[in-house]
Amino acid sequence: MDSETDTQTLHFEHNIPQIRQRFSWDCGVACVLMVLGEKQRQYFLDNFSRILREEGISRCTWTIDLCYLLKRFDVTHCIYTVRCDVNPSYKKIHTQVLNRVRKKFQDSVKNGLRLKQKVLSMQQIAQHVINFGPAILLVDIGLLTCNVCKSHTLSSELRLIFGGSYRGHYICVTGVSGNKALYRDPARAHSLCCVALHRLQLARTPLTDYDVILVNCT
């Protein structure tokens with residue numbers, strides 16, 4: 001599968017569980033739980049607070065934190081981002097959080113993480129999902145419209161026209177159906193959401209640094 005037309009009639013989905021986030025800030029952690037194996041997932045759930053404490057995560061999660069969690073559980077992955085640092089547009093970041101994130105970026109290579117400073121297109125992400133594994137994607141939730149839920153349709157349209165405040169949120173892209181992405185949203189109870197690839201791209205704004213973690217299940 002290496003051309004844009006290959007996905008037009010394809011339906012493919014990775015069979016992973018829906019995991020609800022526990023708090024307002026742990027959507028990314030929930031996405032990590034989704035891509036773990038069953039035994040690893042249960043171990044993480046049984047030791048949730050301790051593991052996050054050991055990783056230095058408390059009420060604020062960054063994409064690089066998720067990579068370290070995946071590394072901890074020996075999950076092969078690669079992060080793509082445009083910025084290997086804290087986005088200067090973010091205000092009021094606690095110094096402790098700032099230092100943690102910067103150190104994790106600085107130590108990423110020696111800790112065996114694969115990090116590439118590059119923007120992937122939605123088509124490239126879709127091809128990875130089809131051929132290799134799920135993708136954990138950072139989006140502006142106010143710009144994301146699910147074809148199933150419909151609840152964000154009006155608000156996202158208004159945001160596209162008039163703008164609005166950024167709200168970062170992690171989702172797990174698990175499949176592709178024609179020109180749509182299938183994804184699991186840890187903020188929702190039902191198992192599967194769906195959005196056109198071009199609409200999902202609109203939810204990837206510069207404030208997300210176009211962060212995506214490609215998980216390799218092969």
Side-chain angles (χ1 to χ4, degrees), residues 1-21 26-42 44 63 66-67 69-70 73-81 114 116 118-153 156 168-205 208 210-218:
M1 303 277 182
D2 57 5
S3 70
E4 187 169 350
T5 57
D6 287 330
T7 61
Q8 295 305 301
T9 59
L10 176 71
H11 181 93
F12 178 86
E13 182 186 353
H14 292 280
N15 183 24
I16 65 173
Q18 174 76 6
I19 304 292
R20 292 290 301 278
Q21 59 191 88
D26 65 329
C27 51
V29 177
C31 288
V32 169
L33 283 163
M34 292 184 200
V35 302
L36 295 181
E38 185 176 351
K39 290 183 178 179
Q40 293 174 314
R41 185 181 308 113
Q42 192 58 54
F44 194 167
T63 310
L66 306 184
C67 293
L69 283 173
L70 291 168
F73 287 96
D74 296 319
V75 177
T76 303
H77 68 281
C78 181
I79 173 177
Y80 288 80
T81 182
R114 294 177 60 206
K116 298 187 179 181
K118 176 182 178 181
V119 177
L120 290 185
S121 69
M122 277 312 308
Q123 191 61 35
Q124 289 173 309
I125 294 171
Q127 292 296 337
H128 170 87
V129 171
I130 293 166
N131 292 306
F132 300 106
I136 298 174
L137 200 65
L138 179 60
V139 299
D140 182 338
I141 190 60
L143 296 177
L144 185 62
T145 302
C146 171
N147 292 357
V148 178
C149 306
K150 301 293 186 182
S151 60
H152 287 161
T153 303
S156 66
H169 184 64
Y170 290 97
I171 61 172
C172 187
V173 181
T174 63
V176 175
S177 183
N179 65 352
K180 296 180 176 62
L182 307 176
Y183 67 95
R184 296 183 183 270
D185 183 343
R188 300 198 172 277
H190 64 77
S191 61
L192 199 62
C193 287
C194 177
V195 63
L197 290 172
H198 77 276
R199 290 304 299 255
L200 183 52
Q201 177 60 31
L202 291 175
R204 302 175 69 208
T205 71
T208 71
Y210 300 97
D211 284 2
V212 58
I213 302 173
L214 302 184
V215 178
N216 195 325
C217 296
T218 60

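Not measured: the values here are computed from a predicted model.
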**Asked** Taking C-beta and beyond as the side chain, do Tyr183 and Leu144 meet within less than 4.5 Å on heavy atoms?
**Response** yes

**Prompt:** What closest approach, in Å, do Val215 and His128 show between heavy atoms, and which atom pair accounts for it?
**Reply:** O-NE2, 2.8 Å

**Item:** Heavy atoms of other groups near Arg41 CZ, more than 12 under 6.0 Å
**Value:** yes

**Complete:** Scanning both residues in full, the closest heavy-atom pair of Cys194 with Lys180 reads SG-CD, 3.3 Å

**Message:** Using 0.5 Å steps for rounding, measure from the CD atom of Gln40 to the CG atom of Leu69.
**Reply:** 11.5 Å

**Euclidean distance, Ser177 OG relative to Leu10 CG, rounded to 0.5 Å** = 8.0 Å

**Message:** For a 4.5 angstrom cut-off between non-hydrogen side-chain atoms, does Pro186 reach His169?
**Reply:** yes

**Message:** Can you see whether His198 engages Asn179 through a side-chain donor-acceptor pair at a distance of less than 3.5 angstrom?
**Reply:** no

**Request:** Would you give the length of the straight line joining atom OG1 of Thr145 to atom CG of Leu200, rounded to the nearest 0.5 angstrom?
**Result:** 10.5 Å

**Asked** Is the backbone of Cys172 close enough, under 3.5 Å, to the side chain of Arg184 for a donor and an acceptor to pair up by distance?
**Response** no

**Item:** Heavy-atom closest contact (Arg204 atom, Val139 atom, distance)
**Value:** CG-CG1, 4.5 Å

**Item:** Sub-4.5 Å side-chain heavy-atom contact between Ile141 and Asp185
**Value:** yes

**Asked** Which heavy atom in Asn147 sits nearest to a heavy atom in Ala196, and how many Å separate them?
**Response** ND2-N, 4.3 Å

**Prompt:** With side chains defined as the heavy atoms from C-beta onward, is the minimum distance between Ile125 and Leu197 less than 4.5 Å?
**Reply:** no

**Message:** When you compare the side chain of Ile213 with that of Asp211, does any pair of heavy atoms fall below 4.5 Å?
**Reply:** no

**Request:** Starting at CD of Gln21, measure out to CZ of Arg188 and round the result to the nearest 0.5 Å.
**Result:** 10.5 Å

**Request:** Assess whether side chain to side chain contact (heavy atoms under 4.5 Å, CB included) is satisfied between Glu13 and Leu192, documenting all intermediate values.
**Result:** CA-CA 10 Å; Glu13 182 186 353; Leu192 199 62; 3.8 Å; yes

**Message:** Within this structure, what is the OG1-NE2 distance for the pair Thr174 and His14, rounded to the nearest 0.5 Å?
**Reply:** 8.0 Å

**Request:** Starting at CZ of Phe132, measure out to CD of Gln127 and round the result to the nearest 0.5 Å.
**Result:** 9.5 Å

**Request:** Write down the atom of Leu202, the atom of Thr205, and the distance for their closest heavy-atom approach.
**Result:** O-CG2, 3.8 Å

**Request:** Flag the pair Leu182 / His11 as yes when at least one side-chain heavy-atom distance between them is below 4.5 Å, and no otherwise.
**Result:** yes

**Prompt:** Quick one: does Pro17's side chain get under 4.5 Å of Glu38's, heavy atoms only?
**Reply:** no

**Request:** Evaluate the side-chain proximity of Leu66 to Tyr170: yes if any heavy-atom separation is below 4.5 Å, no if none is.
**Result:** yes

